[in-house]
Number of protein chains: 2
Amino acid sequence: MELRTLKYFIVIAEELNITKASKILMIQQPPLSNQIKNLEDELKTKLFIRGKRQLKLTEEGKYLYQKAKDILRLVDETKSEIHNMSLGLKGVISIGLVEGMAPDIAANWISSFMIKYPLVKFRVIDGNSDDLIEKMRSGLISLAVITAPYDQILLNSIKVGEEKMVAFLNKSHHLADNKKDFITLDELANEPLIIPSRKTHIDTIKKWFKKNRKEPNIVCEMDNYLDAIALANRNVGVSIFPKTEYVLNSSIISKDIGEINANIEYLFVWRKGHQLSIIEDNFIDHIKAVVNHK
Amino acid sequence: MELRTLKYFIVIAEELNITKASKILMIQQPPLSNQIKNLEDELKTKLFIRGKRQLKLTEEGKYLYQKAKDILRLVDETKSEIHNMSLGLKGVISIGLVEGMAPDIAANWISSFMIKYPLVKFRVIDGNSDDLIEKMRSGLISLAVITAPYDQILLNSIKVGEEKMVAFLNKSHHLADNKKDFITLDELANEPLIIPSRKTHIDTIKKWFKKNRKEPNIVCEMDNYLDAIALANRNVGVSIFPKTEYVLNSSIISKDIGEINANIEYLFVWRKGHQLSIIEDNFIDHIKAVVNHK
DNA sequence: GTCTATCATATCTTTTTTGTATGATAAATG
DNA sequence: CATTTATCATACAAAAAAGATATGATAGAC
């Protein structure tokens, strides 16, 4: 069975007259008769009752008529959807988001992009920066918001946000009490620390202490931000993580870390030298526009 | 475009290798290359990225792969249904199930129906309500369980379940702490919201707030229930979605929304004004009987 | 540098579809 | 009731499409 056959069948079912149908289809009548005969043979069912001077659909014929229209409509819609896709109006954008501020940053882009491109859907992939970079390398995702640093050979980037690394500690912690709104590295050197497990972060934090000729007491490297907060909340120690104000609850407070520049950058990244889909290109343009207007 | 072409395309899309595909299809490789080339010409889009030694599907190719399988399945089911038409005792029932409680509801029907009609097989199609309605409109499926509302011109319906819309939020969220087991709309008005992308849900939620003279701060519309939960888990904001207890995990909690009637209805629906197969008719009767006996 | 795997192109062959001619049937017409 | 007309079916030729064979191009693998 081919789509051509179904098209022919539909016209005949509507006209109930092979000759007229053949004129509409601009082919001759005998081939049309043949096509229907072959279709009936293939389905092992009569589709028409050849009565007297007029055709009539059998029950099977009526059923096929509906389904044939469904099938052809589905085919047509598929064609036009693919056309929309190739114009960059429709599709799915998969974007990796690191924990922290990234989902918040991206939510803004997504909601404004959706107004312009209502047919586009989003798929969010979670993970830490290293996970996401690995997923980009393997081609699983093409777009992401991660924290610096990153592989500049592999990825293009735009800076889209900045955040302080701060110390999280429970209200009842002895360092929480003092009146300063920052903690010194000397104070931190005596505390058990919970820090992000990303290698570059560990290195950075070690460097801070090395400058002050101290050794950090890292008791726990955590992948997950929320778990780290939970540990700080239980007074296991002080967590050093990006501030991200909206996750704070009442029992935990954050303090700046004195003496050092503890900023981390959020970067929107996409794969270099790799053919992106047209929607992805449009989305990147959109982000560039948003970032530049600020 | 013909069905033959789609069959060929599917095998190539699965093998990502024209030579292997040609062996599976038992034709030679050059005509296969040609068919794909013609298909691409017809659609005015590249379906494969010819990279180095391996083929890769483009976004358009991936889309066509899904649709081509839908189309061929519809054709096969139509053929076999025409075969079985007079019997009504065997065949395949395709039913769409929305995420949430629908699979649970349908499981009951299916198991009791199978006792009565042991030769009938089921095929379940997943998707959100809008997807499923779209598939019903396009004739891909004739039966589904979706959430209200729906197009009453297109579909007949029976109410088969009800569930609350609730707010999902991370344990550490400041609104999670208070002792009430519900959240007021005033509280929600200040929060970033993640809500189902379905238009009617957005409208409903806006109406809730309008009654209280507030404006909701919708930061993300998500198609996918689990992704929405993931974002809530990341404290991007509060997700408003149907409760469905079995997806809850330990770090996320749900709260009722005060002041409003936030129920959503589950409906069993089937296509209006369309001749269904005899098994499908039997299945609808079965469901009516089950629902009425409760 | 040669070999191998893979896809593309060119050309010929086969199959399928379409067209033409014609026959069969039965309702409409005079 | 014979003739005309409308309609579908069958037979066979022509055209188009699909498939096969041979071969070329390219880029990893060896």
Side-chain angles (χ1 to χ4, degrees), chain A residues 1-58 60-61 64-65 68 71-72 75 79 137-139 273-275, chain B residues 1-58 60-61 64-65 68 71-72 75 79:
Chain A
M1 189 195 286
E2 291 298 339
L3 294 176
R4 188 190 324 105
T5 323
L6 294 179
K7 279 177 203 149
Y8 291 172
F9 170 75
I10 285 174
V11 177
I12 298 175
E14 282 167 353
E15 297 299 318
L16 292 173
N17 179 320
I18 298 183
T19 307
K20 275 187 200 161
S22 74
K23 280 168 191 157
I24 292 170
L25 291 165
M26 304 212 285
I27 61 171
Q28 298 310 113
Q29 167 265 317
L32 243 193
S33 291
N34 252 317
Q35 287 277 345
I36 293 306
K37 186 177 177 293
N38 293 342
L39 182 58
E40 287 181 329
D41 288 350
E42 183 182 349
L43 296 173
K44 301 184 181 64
T45 320
K46 286 270 167 261
L47 297 168
F48 295 98
I49 300 161
R50 277 85 166 161
K52 316 191 169 181
R53 200 166 253 241
Q54 228 211 346
L55 298 185
K56 241 187 86 185
L57 282 166
T58 60
E60 289 85 350
L64 180 63
Y65 175 65
I71 291 164
L72 291 179
V75 170
K79 281 184 185 175
R137 187 191 311 279
S138 69
H274 196 262
Q275 178 74 45
Chain B
M1 189 195 285
E2 291 297 339
L3 295 176
R4 186 189 326 106
T5 322
L6 294 181
K7 280 178 202 150
Y8 291 174
F9 170 75
I10 285 175
V11 176
I12 298 175
E14 282 169 353
E15 297 298 318
L16 292 173
N17 178 321
I18 299 183
T19 307
K20 276 186 201 158
S22 74
K23 280 170 191 155
I24 293 170
L25 292 164
M26 306 214 284
I27 61 171
Q28 297 309 112
Q29 167 265 316
L32 242 194
S33 291
N34 252 317
Q35 288 277 344
I36 293 305
K37 186 174 175 294
N38 293 342
L39 183 58
E40 287 182 329
D41 287 350
E42 183 182 350
L43 296 172
K44 301 185 181 61
T45 318
K46 287 270 167 262
L47 298 169
F48 294 97
I49 299 162
R50 277 85 166 162
K52 312 186 172 181
R53 199 166 254 241
Q54 228 211 346
L55 298 184
K56 240 187 86 187
L57 282 166
T58 61
E60 290 85 350
L64 180 62
Y65 176 68
I71 291 164
L72 291 178
V75 170
K79 279 187 187 174

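This structure is a prediction, so every number in the text was calculated from the model and none was measured. We name chains A, B, ... by the order of the sequence lines, and we start the count at 1 in each one.
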**Asked** Got B:Thr5 and B:Asn38 here, is their nearest side-chain heavy-atom distance under 4.5 Å?
**Response** no
**Prompt:** Can you check whether B:Arg50 has a side-chain N or O nearer than 4.0 Å to OP1 or OP2 of D:dA27?
**Reply:** no
**Item:** Nearest-angstrom distance from the residue atom CZ of A:Phe48 to C1' of D:dT7
**Value:** 14 Å
**Request:** Grab the CD-P distance between A:Glu40 and D:dC8 for me, whole Å please.
**Result:** 13 Å
**Closest-nucleotide ordering on DNA chain C, the 5'-leading residue of B:Lys37 and A:Ile27** = B:Lys37
**Prompt:** When you match A:Tyr8 and B:Ile18 each to their closest nucleotide on DNA chain C, which lands nearer the 5' end?
**Reply:** B:Ile18
**Prompt:** Do B:Glu14 and B:Tyr65 have side-chain heavy atoms sitting under 4.5 Å apart?
**Reply:** yes
**Asked** Can you check whether B:Thr19 has a side-chain N or O nearer than 4.0 Å to OP1 or OP2 of C:dA5?
**Response** no
**Request:** Please state how far atom CD in A:Gln35 lies from atom P in D:dA17, giving the value in whole angstrom units.
**Result:** 14 Å
**Request:** Verify the contact: side-chain N or O of A:Ser33 to OP1 or OP2 of D:dA9, cut-off strictly under 4.0 Å; return yes or no.
**Result:** yes
**Message:** Closest-nucleotide mapping onto DNA chain D: is A:Pro30 or A:Arg4 further toward the 5' terminus? I mean the 5' end.
**Reply:** A:Pro30
**Request:** Quickly work out the A:Lys7 NZ to C:dT18 C1' distance and round it to whole Å.
**Result:** 16 Å
**Asked** Do the side chain of A:Gln29 and the main chain of A:Ile18 share a donor and acceptor less than 3.5 angstrom apart?
**Response** no
**Fill in**
Atom CG of A:Asn17 and atom C1' of D:dT5 are separated, to the nearest Å, by 13 Å
**Request:** Rounded off to whole Å, could you give me the CD-to-C1' distance for the A:Gln28 and D:dA11 pair?
**Result:** 16 Å
**Request:** Answer with base, sugar-phosphate or nothing: what part of the nucleic acid does A:Leu32 contact at a heavy-atom distance below 4.0 Å?
**Result:** nothing
**Protein-nucleotide distance (B:Glu2, atom CD; D:dA17, atom P), rounded to Å** = 11 Å
**Message:** When you measure from the side chain of A:Glu60 to the backbone of A:Leu47, do you find a donor-acceptor pair of N or O atoms at a distance under 3.5 Å?
**Reply:** no
**Complete:** Atom NZ of B:Lys23 and atom P of D:dG19 are separated, to the nearest Å, by 18 Å
